[in-house]
Structure formats: structure tokens, C-alpha cells
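Quick notes on the structure that follows.
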Amino acid sequence: MDEMDGSLTLDRAAPATIVAEPSARRRIEQYFLAVNNAFPSVHEVATIVITHMLPDRPFFLDAVARGNDLISILPKPKSCDPTTRAAISGRYHCDDLDRDRFTHPAKVLAYIEERAAGRDLVLLDIGGYFAPALTSLCRQFSGRIVGVVEDTENGYRKYLSCGKPPCPVFSVARSPLKQPEDGAVALWGSWVCQRAGCLLVRGLRRVR
């Protein structure tokens with residue numbers, strides 16, 4: 001990664017991901033570079049990321065790593081593409097997402113102490129995995145939990161159900177930036193339901 005006049009440029013020696021069309025790859029890369037340049041990090045913090053390990057995700061992970069120390073990625077097991085994980089594991093540290101660990105605050109604390117002892121730490125979550133342990137982490141971690149960014153509405157509600165958050169918890173699901181996506185998903189869902197209804201009606205007619 002190069003830095004010129006405070007702006008980030010791409011390190012072409014480390015391609016971001018496996019994407020078929022170069023033009024599409026370039027657009028996504030430039031988007032995340034624009035975000036990084038618009039919101040530069042004031043100081044480096046350690047970051048642990050729980051994420052879907054899909055072919056498009058390395059773009060996002062690269063963007064996280066440009067301004068922070070991406071110390072660990074925990075791919076969600078049911079949405080982990082093996083090829084993508086293999087490619088990412090060559091550049092970033094990946095751990096298995098152990099669901100049992102996240103039901104025991106002491107195990108979560110031991111894990112983040114192993115990865116980020118004494119450091120400022122940001123947790124990027126999908127599904128509220130850190131929610132049950134967050135209060136204990138903020139009290140007992142040798143470093144400092146700077147905050148949590150939760151991607152889903154369901155996960156955000158898990159944090160809210162634990163009472164007053166001991167640190168900032170930001171919701172991607174409730175961000176105005178996600179409203180266009182929600183609308184698109186709703187329209188797509190409506191189309192799918194209508195199409196399924198038409199197919200069912202056609203099937204019933206054939207049975208008759």
C-alpha cells in the first residue's frame with residue numbers, strides 16, 4: 001500500500017480478491033479507496049472481524065486493513081467459500097468461528113487477550129456474537145474495547161437486550177446508507193413471491 005499526499009493507492013502486488021471481470025473489480029476497489037481516503041484513521045487500532053467469507057468480501061477486508069491492524073478474521077461457517085478463505089488466509093490471520101466459545105464470556109476474553117492484549121480494539125460483528133460477553137470484555141480486557149459495529153438488525157437487538165452498552169455499538173442495519181439496499185431486497189422479495197405464486201397456480205391448473 002502506498003501513501004501519497006495523505007491519499008491511499010492500490011498495491012497491485014496484492015490483488016484484492018478473485019473476481020471475474022477486471023472492470024467490476026476496479027470499480028469496487030476504487031469505491032473502498034474513496035471511503036478510506038474520505039475517512040482516514042486518526043490512529044491505528046486492532047480489529048477483529050466476524051464476516052461472511054464470500055468472493056466479494058476481500059475488498060471490504062482490504063479496506064479495513066488499510067487504516068487498522070486487522071489481527072483476525074472469523075468466517076461464519078455457513079457462508080464460507082473455501083477458495084476465498086484460502087486466498088485470504090495467505091494474507092490475513094483467520095480463526096475458526098467457534099459458537100461454543102462465544103457463549104462463555106471467559107473464553108471470549110481469553111481469545112481477545114491472545115490476539116490483542118493491551119491494545120485499542122474494534123469488533124466488527126455479524127449476528128451479535130460478542131453481545132453476551134461485551135460487558136465483561138469492557139471491564140476485564142487488558143486493552144480497551146473502542147466499539148462494536150454490528151451488521152444485522154437481529155445482531156443489534158442482541159446487543160440492546162443486554163442493557164446499556166458499555167461501549168459504543170453502531171448498527172449498519174439501521175444506517176440510512178442501508179435503506180436503498182433494504183428497498184431493493186424488498187422489491188426482489190416481492191417479485192420472487194409473485195413469481196412463485198404464478199408457478200404454483202400453473203402447477204395447480206395442470207393437476208386439475
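Numbers here simply count residues along the sequence, with the first being 1.
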Quiz item: How far apart are the closest heavy atoms of Arg57 and Ile126, and which atoms are they?
Solution: NH1-CD1, 4.2 Å
Quiz item: Would Leu124 end up clustered with Phe130 when hydrophobic side chains under 4.5 Å apart are linked, directly or stepwise?
Solution: no
Quiz item: Is there a path of hydrophobic side-chain contacts, each under 4.5 Å between heavy atoms of I, L, V, M, F, W or Y residues, that connects Val148 with Val49?
Solution: no
Quiz item: Closest approach of Arg101 and Val108, non-hydrogen atoms and distance?
Solution: O-CG2, 3.4 Å
Quiz item: Ile71, Val45: one ILVMFWY side-chain cluster at the under-4.5 Å cut-off?
Solution: no
Quiz item: How far apart are the closest heavy atoms of Asn36 and Arg66, and which atoms are they?
Solution: OD1-NH1, 2.9 Å
Quiz item: Parallel, tilted or perpendicular for Phe102 and Tyr129, by the 30°/60° rule?
Solution: perpendicular
Practice problem: Calculate, to the nearest 0.5 Å, the distance between atoms NZ and CG belonging to Lys76 and Leu54 respectively. | Solution: 11.0 Å
Quiz item: When you measure from the centre of the six-membered ring of Tyr156, is the NZ or CZ of Arg174 under 6.0 Å away and within 45° of the axis?
Solution: no
Quiz item: Strictly by modelled atom types, are Asp62 and Tyr92 linked by a side-chain donor-acceptor pair under 3.5 Å?
Solution: yes
Exercise. Give the intermediate values and the outcome of side chain to side chain contact (heavy atoms under 4.5 Å, CB included) for residues Ser171 and Glu150.
Key: CA-CA 5 Å; Ser171 169; Glu150 167 56 45; 5.7 Å; no
Self-check item: Other residues, nucleotides, ligands: >12 heavy atoms within 6.0 Å of Arg157 CZ
Solution: no
Quiz prompt | Heavy-atom closest contact (Gly128 atom, Pro132 atom, distance) | solution = O-CD, 3.7 Å
Quiz item: Going through the distances and angles, do Tyr111 and Asp98 end up as a side chain to side chain donor-acceptor pair (under 3.5 Å)?
Solution: CA-CA 11 Å; Tyr111 172 70; Asp98 183 352; over 6 Å; no
Exercise. Check step by step if salt bridge (charged side-chain N to carboxylate O under 4.0 Å, His left out) holds for Asp69 and Arg115.
Key: CA-CA 11 Å; Asp69 184 8; Arg115 292 283 175 258; over 6 Å; no
Quiz item: So does Asp100 have more than 12 non-hydrogen atoms from other groups sitting under 6.0 Å from CG?
Solution: yes
Self-check item: Donor-acceptor contact below 3.5 Å, side chain Asp151 vs main chain Val172
Solution: no
Quiz item: Between atom CG of Leu137 and atom CG of Leu109, what is the distance when rounded to the nearest 0.5 Å?
Solution: 6.0 Å
Quiz item: Atom CD1 in Ile28, atom CG in Leu33: separation rounded to 0.5 Å?
Solution: 12.0 Å
Quiz item: Looking only at atom types and distance, does a side-chain atom of Ser142 sit under 3.5 Å from a main-chain N or O of Gly118, one as donor and one as acceptor?
Solution: yes
Quiz item: Going from SG on Cys94 to CD1 on Ile88, what distance comes out if it is rounded to the nearest 0.5 angstrom?
Solution: 7.0 Å
Exercise. For residues Leu74 and Ile48, report the shortest heavy-atom separation together with the two atoms involved.
Key: CD1-CG2, 3.4 Å
Quiz prompt | Distance, nearest 0.5 Å, that separates CD of Glu44 from CG of Asp120 | solution = 10.5 Å
Self-check item: Spacing of Ile73 atom CD1 and Leu61 atom CG [to the nearest 0.5 Å]
Solution: 4.5 Å
Exercise. Determine, using the 4.5 Å side-chain heavy-atom cutoff (strictly less than), whether Val64 and Val169 are members of one ILVMFWY cluster.
Key: no
Practice problem: Determine whether the side chains of Asp125 and Tyr159 contain a donor N or O and an acceptor N or O closer than 3.5 Å. | Solution: yes
Exercise. Locate the shortest heavy-atom distance separating Glu153 from Ala173; write the atom from each residue and the value.
Key: N-CB, 3.3 Å
Quiz prompt | Verify same cluster id: Val146, Leu70 (apolar side-chain graph, 4.5 Å) | solution = yes
Practice problem: For the pair Lys158 (side chain) and Gly127 (backbone), establish whether a donor and an acceptor sit closer than 3.5 Å, ignoring hydrogens and angles. | Solution: yes
